[in-house]
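Encoded as structure tokens, the structure appears first; notes follow it.
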Amino acid sequence: MKEDDGTGPPNRELYALLHLSPEASDEEIRRAYRQWAQVYHPDKYQAPHMKEIATENFQRICEAYEILSDENKRQIYDIYGMEGLNSGLELGPKLNKVEEIKEQLEKLKRMKEQQKMSALFLPKGSIVANLSLPEFLDGDGIMRGMAMASAVQSQLSKSSSLSLSGNLGVEENSGAGAASAVFRHQIASDSTIEFMGSVGLGSLIGVQMTRQLSLHSTATLGIAKSFHDGSINLSNVWTRQLSDTASGNIELLLGPQSSIGVGWQKKDQNTSAAGEFGTNSFGISARYTRRFSSKSHGRIAGRIGSAALEVEVGGGRKVSDFSTVRMLYTIGIRGIFWRFELHRGGQKLLIPILLSRDLNPVLATGAFVVPTSIYFILKKFVFKPYYLKREKQKALENMERTATQVQEARKAAAKAQQLLENVANRKRNKQQETGGLVITKAIYGNHKAVKKGDELRETNDELASQVLDVTLPLNFLVNDSGQLKLHDGVKKSGIMGFCDPCPGEPKQLHVEYTYHGERYE
């Protein structure tokens, strides 16, 4: 079972410490506290070093219980964590009642939301540079045209936002531009209204309302008046959620260019697909994208209609946390194209290159095979070694930076396991006698190190330092009925006897166990 190490679930450490779900009842909290107190109470140990270990862990248990058993403190902890408790938010004559604490927390929460919204400013933009190889070879210059678009969105309040956008396009000796504004307001929990206007090419003014008809259906109705020819345009869009990963829509446009369109989209963790049919140009389009890894993806698309007949294939790669590059190859009745794309944040740079207007078989094959071959060669001999080297360097830097923290955490985990040992072994023996659940081996840590196996970890100190043997604490957590429950929303590194052996890295828990005499993992 994998566990990504992003920011992780907030304010859950105390729940992990008592091995509780964040939704645990008061009775479950009391029961968990009694169970852990029986193990870690200092009076149970005579040896000075054992008593010292027990005292340290017992204090942690008591602190967790004190906070989670107090309704007021638990509410503050769930929202703001230990920082909220240490700030004195739970103290004072004005915050003695549950209702008053709730009111104060909601007030602070609203203030934070307002600060966040006031700082929210979302810019987006794109630049398209159209290049032509045939025109360049004819001596007319390589640039066919250029288009630029920019948009910003600002959250005016919790329910209102304003978007401003503009675009400018130039092709050969002609050009055009437009500027538009959209004001969006949420008038109810299930309804929004938008007022829009634009000047320049295609000047218009309009209003649009969206309403959620049911849990899975949404309808949008709009009306707009064009200043160019004075026409009135009506639009109606129905959207329906077909499944957890798929949705469909029907669009009806009434005006000088009336049309009906039907669309379908499906998206899950690794794939996305979409299809459209419209009567405007009597065309059908389809697109399929496949994610090969966390950093690379491939795409194939096709369009057929009265004005288009083409196929597009290509792929992209994430080169940083905010940047993605993509190359696409298109062949159709308009000619043979390459298209290069750079996406960074909300900005896009698109460079379509017309290679030939004629469908020359040799050129079409070469335009696809040559860049594809170059990419795979560079990927294998340049990009992949570079990224592996960079990731390894980052991991080493992270290990050096957190070495002291990990060493202390390992010592604390070892001490906690030392006190759990007697009870864990007793539980294990009982389960063996009844043919119940027995954890024979459990490893927690860096998912790559876990997958390498015991033999490699034994010969590689670096791998061994990124995992922790948690067989003993898991046997302790098996209940009398032979069940082991690990709660959702709680990081395993916070469980007693566990620790985080590799901060910042995705982790995995690998468990080998027997049940009714059969081996599993």
Side-chain angles (χ1 to χ4, degrees), residues 123-152 163-182 196-204 226-229 256-257 259 261 274 276 278 280-285 287 299-316 323-360 363-364 366-368 370-371:
K124 293 182 179 180
S126 65
I127 298 176
V128 181
N130 290 292
L131 308 182
S132 173
L133 185 60
E135 291 182 10
F136 176 73
L137 296 176
D138 291 341
D140 295 331
I142 196 169
M143 184 70 72
R144 296 172 59 205
M146 178 173 282
M148 293 180 288
S150 182
V152 292
S163 299
L164 302 173
S165 61
N167 61 76
L168 179 67
V170 178
E171 188 170 353
E172 295 182 350
N173 297 323
S174 62
S180 61
V182 178
M196 62 199 77
S198 68
V199 294
L201 184 65
S203 300
L204 59 82
S226 172
F227 293 120
H228 177 66
D229 56 11
Q257 295 182 334
S259 65
E276 295 178 1
N280 191 15
S281 58
F282 291 98
I284 299 174
S285 65
R287 182 179 71 252
R299 187 168 82 176
I300 182 169
R303 286 177 286 274
I304 182 171
S306 58
L309 175 60
E310 61 186 28
V311 175
E312 181 180 81
V313 294
S323 302
T324 300
V325 294
R326 185 180 295 153
M327 180 180 176
L328 301 165
Y329 166 81
T330 305
I331 182 171
I333 58 176
R334 296 186 303 128
I336 302 169
F337 290 83
W338 282 342
R339 186 162 91 246
F340 298 95
E341 300 182 2
L342 171 63
H343 299 249
R344 181 169 176 80
Q347 311 301 315
K348 294 187 291 186
L349 173 63
L350 313 178
I351 307 178
I353 303 175
L354 173 63
L355 301 177
S356 173
R357 293 188 178 91
D358 303 320
L359 300 181
N360 185 305
L363 180 60
F368 175 74
V370 172

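Considering OG of Ser126 and CG of Leu342, their distance stands at 12.5 Å, rounded to 0.5 Å. Atoms CE and CG, on Met146 and Asn130 in that order, are 9.0 Å from each other to the nearest 0.5 Å. A distance of 13.0 Å separates CZ in Arg344 from CG in Leu349, rounded to the nearest 0.5 Å. Taken to the nearest 0.5 Å, the OG1 atom of Thr330 stands 11.5 Å off from the CD1 atom of Ile353. How far CG of Leu363 is from CG of Asp358: 9.0 Å, rounded to the nearest 0.5 Å. Note that OG of Ser285 is 11.0 Å distant from CD of Glu312, once rounded to the nearest 0.5 Å.
In this structure the side chain of Tyr329 never reaches within 4.5 angstrom of the side chain of Val311, judged on heavy atoms.
A search for salt bridge (charged side-chain N to carboxylate O under 4.0 Å, His left out) contacts involving Arg287 returns nothing, not counting sequence neighbours. Considering only residues two or more places apart in sequence or on other chains, Phe337 meets the ring-ring contact (aromatic ring centres under 6.0 Å, His included) condition with none of them. Remark: Glu341 pairs with Arg326, Arg339 by the salt bridge (charged side-chain N to carboxylate O under 4.0 Å, His left out) rule, at least two apart or across chains.
The closest donor-acceptor contact from the side chain of Trp338 to the backbone of Ala367 lies under 3.5 Å.
Ion pairing between a basic and an acidic side chain is recognised when a charged N comes within 4.0 Å of a carboxylate O; Glu276 and Arg303 show no such pairing.
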Please assess Val313 against Phe368 for the test side chain to side chain contact (heavy atoms under 4.5 Å, CB included), listing each intermediate value before the final yes or no. CA-CA 9 Å; Val313 294; Phe368 175 74; 3.5 Å; yes
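Remark: Phe136 CZ is loosely packed, at most 12 non-hydrogen atoms of other residues, nucleotides or ligands lying under 6.0 Å away.
Summarising the geometry of Pro134 relative to Arg357, their closest heavy-atom pair is CB-NH1, 3.9 Å, with the distance given to 0.1 Å. Taking each heavy atom of Leu164 and Ala181 in turn, the nearest pair found is CD2-CB, 3.6 Å.
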